[in-house]
Amino acid sequence: MAKDKKVEQITDMDVDFAQWFTDVVTKAELIDYSGVKGFFILRPYAFAIWENIQSVLDGRFKELGHENVSMPVLIPESLLQKEKDHVEGFAPEVAWVTHGGSEELAERMCIRPTSETLFCDHWSHILRSWRDLPMLYNQWCSVLRWEKTTRPFLRHREFLWQEGHTLHATQEEAEQETQQMLNVYADFCEKYLAMPVIKGQKTDKEKFAGAVATYTIECMMHDKKGLQSGTSHYFGDGFARAFDIQFTDKENKLSYPHQTSWGVTTRLIGGIIMTHGDNSGLVLPPKIAPIQVMVIPVAMHKEGVIEKAAELTARLKAAGLRVKNDLGDQSPGWKFAQYEMKGVPLRIEIGPKDIENGQCVAVRRDNGGKTAVALNELEEKIPAILEDVQKGLYEKALKNLQDNTRPAKTLDEVKAVMSEHGGFVKTMWCGDLDCELKMKEDAGVSSRCIPFEQEHIADTCVCCGKPADKMVIWGVAY
RNA sequence: CGGGGUGUGGCGAAGUUUGGUAUCGCGCUUGGUUCGGGACCAAGAGGCCCCGGGUUCGAAUCCCGGCACUCCGACCA
């Protein structure tokens, strides 16, 4: 027991998962609290993770033809009001600017909670012809939503994200874009963050305010709760009509374009923490870790150790890895614990005995496995171990998802599964809002999504017993 | 927004019931010895006791009002 838990300061995750999470985000130096509720400071280590996420996704977006833009942070109230469902969805959680200096503004402005209205207004100015389409835009920015309950990474009042917004000549093209971007997110989560996802569609109750359809990737955290990790929306031409965005099509007729938007946020970092973390702290997938390898010299005062550590570091850097060494005067044991806390995927120990044997010792963060690596094989062996760590993390998370997703045919079965195991439940659903509400009321679960990969669990709705042909995944979500 | 808990050097706590000028551990600084799982010795530095009022000769402590953090709900990425 105790020997597994090397860091006493962290609350045991099986005792109190929420407290464990708070301990990790502060002790791994990811987050500091600002003086204002819901506004968090992303410290350099957290921001470096975000930059890695940005860099991969931004590259993908651009490969697919998207361009980055920068929209204003303020939205005039009249603009926000234009699309009815949208304003109803967001009005309760926007913050308002009412003064410029000491002068009261003629019209108050909200700090953007999302930028659909800004993009729409802009497009209504510039769109003329079918030759202008598609418009494939994205922006990296922060948005503000006045949430009641806030938690680091999972629910900020101000959070960093990217929001892609696109306009297309046809419904088919827009729907294809929506699917394409959902797939980009799913692929990124699985390949880079080692987080398996369930792709599917949101129910009407859960979809984005103003959307025709919302698609989502849902992940399962270590505590078996769900995390919506990315969304992609199809808007039809509703916003275009509300904002009077038109173009002249190939038949010389005025037409409304079809629209999409899609986004991921710094919540992904929360997902990484809660998917892979353990009782020693953070565990980062190698592909996204700011530091992939930490070289720790042992018995630094002995001749040649510091030089050897520097040499290994330089060689691994040259091999394309993100690697650092720690020549600080803390004891090796302190350093081991420190970088475990920070989730560095691989540690390399190099001391006098190793130098004598022409080797170093590589220690994996995910399972503690130690390997002696011959120094002349460094460039081949270390990347291979990192790949294995990446793979191992994904497989472990996939097992958690699969082992904790259970079928149910009746509401009583759902309740039994939830009280006994938690996790996700898959059931048939008739499509009625009343049944969805009853699931929440009686079993405490919300619909996560209607997965693209459907299974036939039963012939009838889990709730009302009427014929049903849709399978829904339910769970408790962050 | 409803219900609970908390707020004391950087961190974690004691002190609050019963008012008398703040204590401990960790960390930090300097010097020395150490170094294969959070080393040791010595000497130092560091406090608007969350904020604002009030009671009192005197408030970390009692009273009133705020704010923040945290957990559980409802709302949401």
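So that the names make sense, note that chain A is the first sequence line, chain B the second, and so on, each numbered from 1.
- Here, B/C62 and B/A68 have their P atoms 23 Å apart, quoted to the whole Å.
- When the nucleotides B/A74, B/C76, B/G36 are ranked by their closest atom to the side chain of A/E93, B/C76 comes out on top.
- The aromatic rings of A/H86 and A/F208 lie tilted to each other, with the angle between the two planes from 30° to 60°.
- Ring-base stacking between A/H301 and B/U34 is not satisfied when judged by a centre separation under 5.5 Å and a plane angle under 30°.
- Separating the CD atom of A/Q338 from the C1' atom of B/A39 is a distance of 16 Å, rounded to the nearest angstrom.
- At a cut-off of 3.5 angstrom, the base of B/G37 holds at least one donor-acceptor pair with the side chain of A/E340.
- Between A/D58 and A/K62 there is a salt bridge, since a side-chain N of the basic residue sits under 4.0 Å from a carboxylate O of the acidic one.
- Residue A/S331 places no side-chain atom within donor-acceptor reach of the base of B/G37, judged by atom type and a 3.5 Å distance cut-off alone.
- Contact annotation for A/P297: no contact, since no heavy-atom pair falls under 4.0 Å across all strands.
- Of the candidates B/G37, B/G36, B/C75, the closest approach to any side-chain atom of A/D354 belongs to B/G36.
- The side chain of A/V298 approaches B/C35 more closely than any other nucleotide in the set B/C35, B/U70, B/G37.
- Side-chain contact check for A/E116 and A/S261: at least one donor-acceptor pair (N or O, by modelled atom type) lies under 3.5 Å.
- Under the Watson-Crick or G-U wobble criterion, with both distances below 3.5 Å, B/U34 has no partner in any strand shown.
- Checking B/G2 for Watson-Crick or G-U wobble geometry (two distances, each under 3.5 Å) identifies B/C72 as its partner.
- In this structure, A/R155 atom CZ and B/U70 atom P are separated by 13 Å, rounded to whole Å.
- Judged by the 6.0 Å distance and 45° axis criteria, A/K342 is positioned over the aromatic ring of A/Y45.
- In this entry the distance linking CE of A/M300 with C1' of B/U34 reads 11 Å, nearest Å.
- At a threshold of 4.0 angstrom between heavy atoms, the contacts of A/G328 with the nucleic acid are absent.
- Atom CZ of A/R365 is separated from atom C1' of B/G37 by 14 Å (rounded to the nearest Å).
- Side-chain proximity of A/A18 to the nucleotides B/G37, B/C71, B/C75 is greatest for B/C71.
- Contact annotation for A/V361: base contact, defined as any heavy-atom pair under 4.0 Å involving a base atom.
- Checking the phosphate oxygens (OP1, OP2) of B/U70, a side-chain nitrogen or oxygen of A/Y33 falls inside 4.0 Å.
- Within 4.0 Å (heavy atoms only), A/L154 reaches at least one base atom of the nucleic acid.
- Taking side-chain N and O atoms only, A/K148 has no distance below 4.0 Å to OP1 or OP2 of B/G73.
- Taking atom CD on A/E147 and atom C1' on B/A74, their separation rounds to 12 Å, with Å as the unit.
- In this structure, the nucleotide among B/G37, B/C1, B/C28 sitting nearest to the side chain of A/T149 is B/C1.
- No contact: A/D329 has no heavy atom under 4.0 Å from any strand.
- With a 6.0 Å cutoff to the six-membered ring centre and a 45° limit on the axis angle, A/K287 counts as a cation-pi contact of A/Y192.
- Remark: the separation of the C1' atoms in B/G3 and B/G9 is 34 Å, to the nearest Å.
- Of the nucleotides present, B/U23 is the one that pairs with B/A13 by Watson-Crick or G-U wobble criteria, both distances under 3.5 Å.
- Relative to the side chain of A/A337, the nucleotides B/G36, B/A74, B/G38 differ in distance, and B/G38 lies closest.
- Counting non-hydrogen atoms under 4.0 angstrom, A/F159 reaches a base of the nucleic acid.
- The nearest whole Å value for the distance from the CD atom in A/E88 to the P atom in B/C75 is 16 Å.
- Look at OH on A/Y339: it is 13 Å from C1' on B/G38, rounded to the nearest Å.
- A/K202 comes within 4.0 angstrom of nothing in the nucleic acid, heavy atoms only.
- With values rounded to the nearest 0.5 angstrom, A/L282 atom CG is found 13.0 Å from A/D23 atom CG.
- Listed candidates were B/A74, B/U70, B/G37. Nearest to the side chain of A/T150 is B/U70.
- Proximity of A/R347 to the phosphate of B/G37: no side-chain N or O atom is located under 4.0 Å from OP1 or OP2.
- Here A/K302 lies out of heavy-atom contact (under 4.0 Å) with every strand.
- The distance between atom CH2 of A/W146 and atom C1' of B/C76, rounded to the nearest whole Å, is 15 Å.
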Test side chain to side chain donor-acceptor pair (under 3.5 Å) applied to A/H66 and A/E177, step by step = CA-CA 11 Å; A/H66 304 90; A/E177 168 81 3; 2.7 Å; yes
